Amino acid sequence: MNIGIVCYPTFGGSGVVATELGLELSKLGHQIHFITYKQPVRLEQLSPNIHFHEVHVPEYPLFHYQPYELALSSKLVNVIKEFKIDLLHVHYAIPHAYAGYMAKEMLKAEGIKIPMVTTLHGTDITLVGNHPFYKPAVTFSINHSDVVTSVSKSLREDTYRLFDIKKEIKVVPNFIDLEKRKEIAKKEKENCQRASIAQKDEKIITHISNFRKVKRTDDVVRIFKEVRKKLKSKLLLVGEGPEIRSAKELADKFNLREDILFMGASNEIDKILCLSDLFLLPSETESFGLAALEAMVNEVPVISTNTGGLPEVNENGISGFLSKVGDVKDMAEKAIYILEDKNRLKDFKKGALKIAERFDIDKILPYYEKIYKEALAKNGN
Ligand code: GMT
């Protein structure tokens with residue numbers, strides 16, 4: 001099949017899921033065409049089955065806002081025609097589902113039918129999409145997709161609650177390539193640079209995100225402050241975003257700058273996770289929490305909030321613990337509980353990997369293949 005994938009090319013989870021899915025599908029012999037404004041970060045190299053089509057938005061002084069949706073939908077029309085794309089899979093509703101719908105309609109006028117699968121990822125529903133400025137367009141493009149998927153049960157419920165959706169939403173969780181990740185984790189463990197980060201008797205706590213408000217990164221620093229009072233430890237903050245400044249200010253205020261390492265945006269997630277003892281994800285809302293799953297597959301237990309889809313990923317008492325949003329004290333106590341006892345930490349590490357195994361790509365890919373068949377059938381292909 002020739003499949004067109006539209007996604008954000010950045011470090012965000014929706015782009016990572018879209019890229020990894022495309023790579024897996026390409027291994028099965030499908031031709032995968034990524035259509036976005038930059039080569040996706042996890043798409044390290046192109047291969048005979050992987051193609052990348054860059055969307056250009058020419059600057060024009062009349063436009064206060066450059067019309068990306070317009071450029072994207074035109075690019076989609078051209079790529080679909082030139083490469084005989086059979087199906088379009090758009091990730092993150094805004095503006096991808098809307099641009100996809102426009103492309104679909106333009107092609108329909110030329111007698112070309114193209115089915116569209118839309119995957120809802122999170123803030124396209126819970127934060128941004130729900131804004132009255134966007135809501136009608138988001139509702140319309142979800143209702144006019146051939147098949148709609150969401151990455152957790154919780155996100156499906158949120159979508160039905162917040163929007164007037166007439167469509168069935170199928171839940172297909174985020175995934176990891178277990179074999180590949182286990183191999184990488186094993187290799188990384190062998191050359192682990194732990195000693196360059198922390199002393200033997202120090203614990204390493206990690207947080208990875210794009211440092212937006214929704215991630216509550218100040219809580220990460222606050223939790224660490226409490227843990228640091230009881231246990232010798234270091235905090236690794238990985239990623240860039242608007243909240244990084246506030247995290248730095250807080251680190252200074254608490255006099256913790258020596259123990260908190262700001263690592264910037266990194267593609268070396270496995271290298272960082274291999275030396276981590278605990279992962280913190282105290283988000284305000286999180287539709288799934290791919291970052292938590294990536295930690296778990298590296299045998300890193302997770303302290304998270306119990307919001308959104310996180311309880312579907314992080315199992316309380318097995319892969320880590322869940323607390324109420326903003327309950328820094330509780331999260332700190334749970335972090336200390338896991339870290340203070342060697343054997344307990346070992347058990348949680350094992351538990352984290354065990355739960356992560358549920359989300360192996362081999363279990364998830366057949367769902368997407370089934371969905372593609374259904375979308376093609378619905379579209380009369
Ligand atoms: O919705 C977002 O914040 C953006 C998106 C992204 O591109 O990072 O993240 C969401 O999609 C991920 C992949 O499906 C999920 O694992 C994240 O939980 C989700 N983020 C939120 O819901 C905040």
Side-chain angles (χ1 to χ4, degrees), residues 1-10 12-37 39-40 42-43 49-53 55 69 72-73 75-105 107 112-122 124-125 138 141-152 155-156 159 167-175 287-288 290 361 364-379 381:
M1 218 192 293
N2 295 332
I3 302 168
I5 294 186
V6 181
C7 63
Y8 283 106
T10 48
S14 63
V16 169
V17 167
T19 310
E20 300 281 355
L21 175 62
L23 291 171
E24 284 304 316
L25 289 163
S26 77
K27 287 185 204 155
L28 298 178
H30 297 291
Q31 291 290 320
I32 305 300
H33 295 258
F34 287 98
I35 306 141
T36 179
Y37 59 84
Q39 183 164 323
R42 290 260 177 124
L43 192 63
N49 291 358
I50 298 277
H51 314 265
F52 164 57
H53 309 276
V55 181
E69 293 88 303
L72 175 60
S73 54
K75 186 78 180 179
L76 288 175
V77 167
N78 293 336
V79 172
I80 289 166
K81 284 196 329 199
E82 188 179 341
F83 296 92
K84 305 209 165 15
I85 303 292
D86 300 300
L87 177 135
L88 203 57
H89 189 171
V90 303
H91 292 260
Y92 205 85
I94 307 171
H96 300 151
Y98 188 71
Y101 172 77
M102 288 313 296
K104 209 172 138 75
E105 286 300 295
L107 289 162
I112 301 168
K113 286 185 188 168
I114 178 93
M116 179 169 84
V117 175
T118 296
T119 292
L120 309 173
H121 278 274
D124 46 350
I125 295 302
V138 173
S141 36
I142 294 174
N143 279 329
H144 286 79
S145 301
D146 292 285
V147 181
V148 182
T149 77
S150 76
V151 298
S152 63
L155 184 62
R156 178 179 60 189
T159 312
K167 285 236 116 80
E168 181 198 352
I169 300 175
K170 294 174 193 292
V171 176
V172 186
N174 286 177
F175 54 83
S287 68
F288 182 90
L290 182 62
I361 181 71
I364 308 296
L365 203 60
Y367 287 111
Y368 277 120
E369 289 190 294
K370 195 164 164 245
I371 282 166
Y372 290 172
K373 280 193 192 130
E374 190 187 320
L376 284 163
K378 269 193 184 161
N379 207 52
N381 297 62

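The shown structure was predicted, so the numbers you read here are calculated from the model rather than taken from an experiment.
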Student: Aromatic rings Tyr372 and Tyr368: how do their planes relate, parallel, tilted or perpendicular, breaks at 30° and 60°?
Tutor: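 Rings of Tyr372 and Tyr368: tilted, as their planes differ by 30° to 60°.
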
Student: Are Ile85 and His33 close enough that some pair of their side-chain heavy atoms sits under 4.5 Å apart?
Tutor: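 Sidechains of His33 and Ile85: in contact.
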
Student: Please check if atom OH in Tyr367 has more than 12 non-hydrogen atoms from other residues, nucleotides or ligands closer than 6.0 Å.
Tutor: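 Check fails, neighbour count at 12 or below.
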
Student: Within this structure, what is the CD1-CD distance for the pair Ile32 and Glu24, rounded to the nearest 0.5 Å?
Tutor: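 So the gap between those two atoms works out to 10.5 Å.
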
Student: With side chain to side chain contact (heavy atoms under 4.5 Å, CB included) as the test, would you mind laying out the steps for Leu376 and Met1 before giving the verdict?
Tutor: CA-CA 11 Å; Leu376 284 163; Met1 218 192 293; 3.9 Å; yes

Student: What is the minimum heavy-atom distance between Asn49 and Ser26, and which atoms define it?
Tutor: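 So the minimum-distance heavy-atom pair works out to ND2-O, 3.0 Å.
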
Student: State the NZ-OH distance between Lys75 and Tyr37, to the nearest 0.5 angstrom.
Tutor: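 Taking NZ in Lys75 and OH in Tyr37, the distance rounds to 15.5 Å.
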
Student: Within the distance-only criterion (no hydrogens, no angle test), does the side chain of His96 pair as donor or acceptor with the backbone N or O of His91 below 3.5 angstrom?
Tutor: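 Judged by distance alone, yes, a pair lies under 3.5 Å.
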
Student: CD1 of Ile35 to OG of Ser73: how many Å apart, nearest 0.5 Å?
Tutor: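 Reported value, rounded in 0.5 Å steps: 11.5 Å.
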
Student: To check you understand the geometry: which heavy-atom pair defines the closest contact between Ile142 and Val148, and what is its length?
Tutor: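 In this case the closest contact between Ile142 and Val148 is O-CG2, 3.5 Å.
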
Student: Hey, mind stepping through Leu88 and Ile80 against side chain to side chain contact (heavy atoms under 4.5 Å, CB included) and telling me if it holds?
Tutor: CA-CA 9 Å; Leu88 203 57; Ile80 289 166; 4.3 Å; yes

Student: What's the spacing between Tyr8 OH and Ile94 CD1 if we round to 0.5 Å?
Tutor: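 The OH atom of Tyr8 sits 7.0 Å away from the CD1 atom of Ile94.
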
Student: Between CG of Leu25 and CD1 of Ile3, what distance do you get to the nearest 0.5 Å?
Tutor: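 It comes to 5.0 Å.
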
Student: Val17 and Leu290: side chain to side chain contact (heavy atoms under 4.5 Å, CB included), yes or no, with the steps?
Tutor: CA-CA 9 Å; Val17 167; Leu290 182 62; 3.8 Å; yes

Student: If you look at every heavy atom in Met116 and Ala97, which pair is closest and at what distance?
Tutor: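 Taking every non-hydrogen atom into account, CE-O, 3.4 Å.
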
Student: Count the heavy atoms belonging to other residues, nucleotides or ligands that lie under 6.0 Å from NZ of Lys370, then report whether that count exceeds 12.
Tutor: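 Counting neighbours around NZ of Lys370, 12 or fewer heavy atoms of other residues, nucleotides or ligands fall under 6.0 Å, so no.
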
Student: Between Ile371 and His89, is a side chain to side chain contact (heavy atoms under 4.5 Å, CB included) present by the stated rule, with each step listed?
Tutor: CA-CA 10 Å; Ile371 282 166; His89 189 171; over 6 Å; no

Student: Quick check: closest heavy atoms across Cys7 and Thr36, and the distance to 0.1 Å?
Tutor: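 That would be O-OG1, 2.8 Å.
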
Student: Quick one, Leu28 and Leu365 - any side-chain contact, counting heavy atoms below 4.5 Å?
Tutor: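 They are in side-chain contact.
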
Student: Which heavy-atom pair separates Ile114 from Lys104 by the least distance, and what is that distance?
Tutor: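 In terms of heavy atoms, the two residues are closest at O-NZ, 3.1 Å.
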
Student: Check whether any side-chain heavy atom of Val138 sits under 4.5 Å from a side-chain heavy atom of Asp124, and report yes or no.
Tutor: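 A side-chain contact is absent here, since even the closest heavy-atom pair is not under 4.5 Å.
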
Student: State whether Lys378 and Glu374 are salt-bridged, where the test is any N-O pair (Lys NZ or Arg NE/NH1/NH2 against Asp/Glu carboxylate O) under 4.0 Å.
Tutor: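 A salt bridge is present here (some side-chain N lies under 4.0 Å from a carboxylate O).
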
Student: If you compare all heavy atoms of Arg42 against all heavy atoms of Leu23, which two are closest, and at what distance to 0.1 Å?
Tutor: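 The answer is O-CD1, 4.1 Å.
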
Student: Look up atom CD1 in Ile50 and atom CD in Gln39, then write down how far apart they are to the nearest 0.5 Å.
Tutor: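 These two atoms lie 10.0 Å from each other.
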
Student: Within the 4.5 Å heavy-atom criterion, are Val77 and Leu107 side-chain neighbours or not?
Tutor: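 Yes. Closest side-chain heavy atoms under 4.5 Å.
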
Student: Could you check whether Ser287 and His121, counting side-chain N and O atoms only, form a donor-acceptor pair closer than 3.5 Å?
Tutor: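 There is no such pair (donor and acceptor under 3.5 Å, judged by atom type) between the side chains of His121 and Ser287.
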
Student: Sub-3.5 Å donor-acceptor pair from the side chain of Asn2 to the main-chain atoms of Phe83, do we have one?
Tutor: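 Yes; judged by distance alone, with no hydrogens or angles, the pair exists.
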
Student: With no hydrogens and no angle check, is any side-chain donor or acceptor of Ser145 less than 3.5 Å from a backbone partner on Val147?
Tutor: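 No, the answer is negative, given that no donor and acceptor are paired below the 3.5 Å cut-off.
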
